[in-house]
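First the proteins, then the strands, lettered A, B, ... as listed; each starts at 1.
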Amino acid sequence: MALVHDVLIIGGGGAGLRAAIAAAELDPRLDIAVVSKVYPMRSHTVSAEGGAAAVIKPGDSLDAHAYDTISGGDWLSDQDAVEAFVREAPAEMLQLEHWGCPWSREPDGHVAVRPFGGMKLERTWFAADKTGFHMLHALFQTTLKYDSIRRYDEWFVTKILVDEGRCQGVVAIEVATGRIQAVLAKAVILCTGGCGKVFPYTTNASIKNGDGMALAYRAGAPLKDMEFVQYHPTGLPFTGILITEATRSEGGWLLNKDGYRYLQDYDLGKPEPKPVFRSMELGPRDRLSQAFVKEQEKGRTLVGPYGHYVHLDIRHLGQKLIDKKLPFVRELCLKYENIDPVKEMIPVRPVVHYMMGGIHTDIHGATSLAGLFAAGEVACVSINGANRLGSNSLTELLVFGARAGTAAAAFASQQRKPSPSVLAQAQDEERRLGERFLRKTGGTEKVAALRAEMQKTMEESAGIYRTASVLEEAARKLRKLQERFHDVSLEDRSYTFNTELIAVLELSYMLDVAEAIVHSALQRRESRGSHQRTDYPKRDDTQFLAHSLATRGENGSPRIEYLSVTITRWPPAQRVYGR
Amino acid sequence: MRPITPFLWTLFGAGGTIAALLFPVHLVLSGLAFPLGALEAPSYDVLYGLVRHPVTRLYLLVVITLPLFHWAHRFRYTLYDVLQLKHLYRLIAVLCYSAALLGSAVAAYTVWRIP
Amino acid sequence: MPPSVTLAVTRYRPEQESEPTLQTYEVPFRKDWVVLDALNYIKDNLDGSLSFRWSCRMGVCGSCGMMVNGSPKLTCAAFLSDYLPGPIRVEPLNYFPIIRDLVVDMTDFMHKLKKVKPWIIRAQEKPLADGEYLQTPDQLEMYKQFSMCINCMLCYSACPVYGLEQSFIGPAAIALAQRYNLDSRDEAARERLEILSEHDGMWQCTFVGECSKVCPKNVDPAGAIQQLKLVGAVDWFRFLLPWGTR
Amino acid sequence: MSPGTQYTPYHPKWYRRRMSVWWWLQNRSYVYFVLRELTSVFVGLCALLLLWHLRALVQGPEAHAHFLAQMRRPFFVGLNGVGLLFILFHTITWFNLTPKAMVVRLGGKRVPDWTIAGLNYVAWVLLSVAVAVVLLRG
Ligand SMILES: Cc1cc2nc3c(=O)[nH]c(=O)nc-3n(C[C@H](O)[C@H](O)[C@H](O)COP(=O)(O)OP(=O)(O)OC[C@H]3O[C@@H](n4cnc5c(N)ncnc54)[C@H](O)[C@@H]3O)c2cc1C
Ligand code: SF4
Ligand code: F3S
Ligand code: FES
């Protein structure tokens, strides 16, 4: 027995839900399903704080937004994609307003916008500092009104079914019962989010394990630009909880141990009392995180139980502004750090935040595998290039979620029913899960230990600064971990809500993704955006104005190829901030 | 048929408010201070004169009936929740509101019959 | 500061056991650890078979609700240090069926949520080209509080009325209905009032008020419900008005 | 088993805990709630007391004297004393909860809870004084 749908969406975050609605609106007769390993409103989109960018104010222009995005991405963005993105962004944001998202407002009732890092103008829409939360809940609650959208909550996808060169569905575990089930579809959209958990310190939730990236990679679709990992300059040291960029756009300062606004030493402009666009604390995330490392090398950071940190100071903004515009920041600091940012400085350090890379797709979200689409953080279209600007990602979920939804629905309308021959593959998968994990005998490796080793390897090799020798060593270590993974053994053999089984599958995804990151980083012998090689400190446009594509090789390790960047109107130039 | 719940809830609310505002002083005076002689009780004639006044009659009617309905409503739910008698909800409802109705009828009759 | 603390955790493996039991674990005590960190310590180091849900570890995804020493809490926001010297009792949320260990079944809520139509309903949609619906900060303020619900279910597991009668639509669903009723962009307050006035709706609530007390996001569902009752009561008397509709 | 969850070959048994008859003793808040709800019994009794008093008045001086004598019996003194505690409990909880149900807006801003509760208390004092004055002065 198999479940069959027209369009199947994997992931109930912002991208997945937007895609589902787009498909449902395109053709009400389509049978749409959303599979998600957690209830949709638990998806990590919920934790985005700062806002979503789209041009709306007079004086702003689509070109300005495009330029900020492209220069912020160090010219690795595909400019046709960026142009589509900035063009469709305003309507998408308005659409969300019409669906009930409680955007913060001006006194006259219009939507309010705030400045954000790397942006030349105020164009970031926000819902206090819980933008992602409000967007996700508005989207989720809106999907409830479409009867053609069926949900499979807490179903975990383990494999993409491919037959006759076309994606025909997935195999998933119903977590509550352990039932392994084929879900067939004419088109599948992966919206499974990022993979911050391959690193130890991250703002990402425990569910961000690169599942979709690994699923596509195993099914033969290449991963693009995986070496570009964004560190957010202001995470809380122990938990990695994010202190939003909005703290800085409202006027917060980064101070080293001497109380000095150190960013002025790193070509990011002069310290002014009020925030200045594209300058100092409003510089791009890659540059701010790099400045932290330099500061640490000079011995000017503070040291605590969880390593080095600096101070984020928002005391001068005053309680009133903090409570009005940054209430969640205050709540987080009080609850998780036991400090009150109205009176005290917040300890922060760079933490892994976002993956610029992902499954290679075209401008409609189509991957190189027919019938398989991708959108959201899992995908790389690419608009983010070598460094994403804050508040572009939430908008990307909407624009490219909608595009992928529409494209997949159109694709599905022209397909025959999935062929039942893939069901044999589903049975193989059920057998594999049983033999490798649930009924396995022997095996000595523990999930938690392997995961910790992988995370440590990644932090040491693929962090803010990288170099060939360390990356090579890391590639070897990851291979070794892949081998040890075969020896993994579970303590939990139950079919009912077996979270250890889920954890082991997530670990296997992360290992694949980690390898792709390390190999891509090793091959890119230049420094660009968030990818900084100490052995190749310069940007090299002659060789590397190109996307890396990682394909799974015969022995399981990735093979790296390159694809040229689409340049339309903005020829590569130097990135300038603070001047 | 329109469910009557909102109406009963209104009686409950009104009765609760009246009880909250006025019962403490009545209970202190008529239930404790006067009988115990802590305060000198007004004479029979004074009181009798008072209750004959139309405003007082109306006042008494309201102050007795609405709190009875307050009781009926709240007590009914207390029986459901605390004693877990939800399965008897019809019977309990009939008993509670009938009792309140009876008390109100007696009050109305009494007020009506004041010479 | 003690070197370690004891957790008494509910275990229930439906394939082997017929009812839940408590199992104790000794975990290291750290000043900045929350109960969820301790559970993860157990899962990673002591017993890989312990099952529980979590995700964001920052109090916003709503998945880690459990009973801690008998009160519903987000375990990612409950510091071990507030429960010293222990032992700390960690149990699945009250009043929900237990699937396994600390995991409860909340499909029931998902049905209820859909029932109250938590989306904007209008007679006439404004075209996107005409821009946003204007909404002043004061109008936003009207419903803002009720829009903060993270669906964590703590309120349900604090509400004895829900415990006694699972058909009760419950605090969070009603608060979300009220969130849309109060939104100046929405026009379906009547429709939702009718849904909420059904037998299992808001009139079941006896204003225990615990829902609001345990809510980690200060949503105040108890307030939402009483406000709706007031609206419902006033609505009932409309027939007395000459222009009343019924 | 909740709706929407299908029965599967792996037969999970969702465990349902029964609510104890003594649930309201499980924590302080629940006890407080039940006591609050039980104030209704004394509200009812107090209404009956007023009714009795009224009937005694209407029936004549002897009946009234008898009523007063009854009220002096320890049983009724005790009952009224306990009743007063419960009624005061009712008054306080009622006033403090009113602002939850009544949201008053002035000029777009919500009137703070304590103001509404405060107005209740003021009305309470004024009405109590008025009733006392009428009764004591005749
Ligand atoms: C703390 C934080 C703050 C941020 N703030 C901002 C901001 O202010 N502005 C901005 O623009 N961006 C921000 N971002 C980035 C942005 O929030 C994310 O990139 C974006 O939300 C990702 O959304 P998504 O829909 O792609 O994936 P997610 O929301 O992560 O959803 C992934 C979905 O996939 C499902 N899934 C995953 N694997 C499987 C599987 N194997 N089987 C079934 N289902 C699966 C999950 O259940 C989930 O529903 C922030 C990110 C973080 C971490
Ligand atoms: S109302 Fe509060 S307690 Fe209830 S689900 Fe929402 S956030 Fe949780
Ligand atoms: S606890 Fe329950 S009874 Fe009402 S006020 Fe809250 S829903
Ligand atoms: S883990 Fe997300 S709320 Fe606790």
Inset, instruction - Might you point out which heavy atoms bring D/Trp94 and B/Ala20 nearest each other, and give the distance in Å? - result: CD1-CB, 4.0 Å
Inset, instruction - Identify which of D/Val77, D/Leu126, D/Leu54, D/Leu45 forms the greatest number of heavy-atom pairs closer than 4.5 Å to chain B. - result: D/Leu54
Inset, instruction - Tell me, for B/Leu21 versus chain D, whether the close heavy atoms (under 4.5 Å) come from the side chain, the backbone, both or neither. - result: both
Inset, instruction - Locate the shortest heavy-atom distance separating B/Asp81 from D/Phe33; write the atom from each residue and the value. - result: OD2-CZ, 4.1 Å
Inset, instruction - Could you have a look at D/Ser128, D/Gly44, D/Ala123 and say which one has the most heavy-atom pairs with chain B under 4.5 angstrom? - result: D/Ser128
Legend entry - Shortest non-hydrogen contact from B/Gln84 toward D/Ser20: NE2-O, 3.1 Å
Name each donor-acceptor pair under 3.5 Å that joins a side chain in residues 30-54 of chain B to protein atoms two or more places apart or in another chain, with its distance.
unit_1  : atom_1 : unit_2   : atom_2 : d
B/Ser43 : OG     : B/Val46  : N      : 3.3
B/Tyr44 : OH     : D/Leu57  : O      : 2.6
B/Arg52 : NE     : B/Pro115 : O      : 3.2
B/His53 : ND1    : B/Val55  : N      : 3.1

Legend entry - Heavy-atom closest contact (B/Ala19 atom, D/His90 atom, distance): CB-NE2, 3.9 Å
Inset, instruction - Name the member of D/Leu68, D/Val58, D/Val131 that forms the most heavy-atom pairs with chain B at distances under 4.5 Å. - result: D/Val131
Legend entry - Region of D/Thr39 that comes under 4.5 Å of a non-hydrogen atom in chain B: side chain
Legend entry - Nearest-0.5 Å distance, CG of residue D/Leu51 to CD1 of residue B/Ile64: 5.0 Å
Legend entry - Proximity breakdown for B/Leu60 and chain D, heavy-atom pairs closer than 4.5 Å: side chain
Legend entry - Distance (rounded to the nearest 0.5 Å) between B/Leu68 CG and D/Cys46 SG: 10.5 Å
Inset, instruction - Give, as side chain, backbone, both or neither, the part of D/Val34 having an atom under 4.5 angstrom from any heavy atom of chain B. - result: side chain
Inset, instruction - I would like to know whether B/His26 and D/Leu49 meet side-chain contact (heavy atoms from CB on, under 4.5 Å); could you show each step before the answer? - result: CA-CA 10 Å; B/His26 278 292; D/Leu49 182 80; over 6 Å; no
Legend entry - Among the listed options B/Pro67, B/Gly16, B/Ala107, B/Gly15, the residue most often paired with chain D at heavy-atom distances under 4.5 Å: B/Gly16
Legend entry - Structural part of D/Trp23 lying under 4.5 Å from a heavy atom of chain B: side chain
Inset, instruction - Between chain B and each of D/Trp24, D/Phe67, D/Phe76, count heavy-atom pairs under 4.5 Å; write down the option with the most. - result: D/Trp24
Legend entry - Portion of B/Tyr59 that has a non-hydrogen atom of chain D nearer than 4.5 angstrom: side chain
Legend entry - Residues, nucleotides or ligands: over 12 heavy atoms within 6.0 Å of D/Met19 CE: yes
Inset, instruction - Examine whether an atom of D/Tyr30 lies under 4.5 Å from a heavy atom of chain B, and if so say whether it belongs to the side chain, the backbone or both; otherwise answer neither. - result: neither
Inset, instruction - Kindly give the heavy-atom pair with the smallest separation between B/Leu29 and D/Ala132, and that separation in Å. - result: CD1-CA, 3.9 Å
Inset, instruction - Please round to the nearest 0.5 Å and tell me the distance separating atom CZ of B/Phe23 and atom CG of D/Leu50. - result: 5.5 Å
Inset, instruction - Mind ranking B/Val82, B/Thr78, B/Ile114 by heavy-atom pairs under 4.5 Å with chain D and telling me who comes out on top? - result: B/Val82
Inset, instruction - Go through the steps to decide whether B/Arg74 and D/Arg36 satisfy the test side-chain contact (heavy atoms from CB on, under 4.5 Å), and finish with yes or no. - result: CA-CA 10 Å; B/Arg74 210 172 213 187; D/Arg36 190 190 83 196; 3.4 Å; yes
Inset, instruction - Looking only at non-hydrogen atoms, find the nearest pair between B/Pro24 and D/Trp124 and report the distance. - result: CG-NE1, 3.6 Å
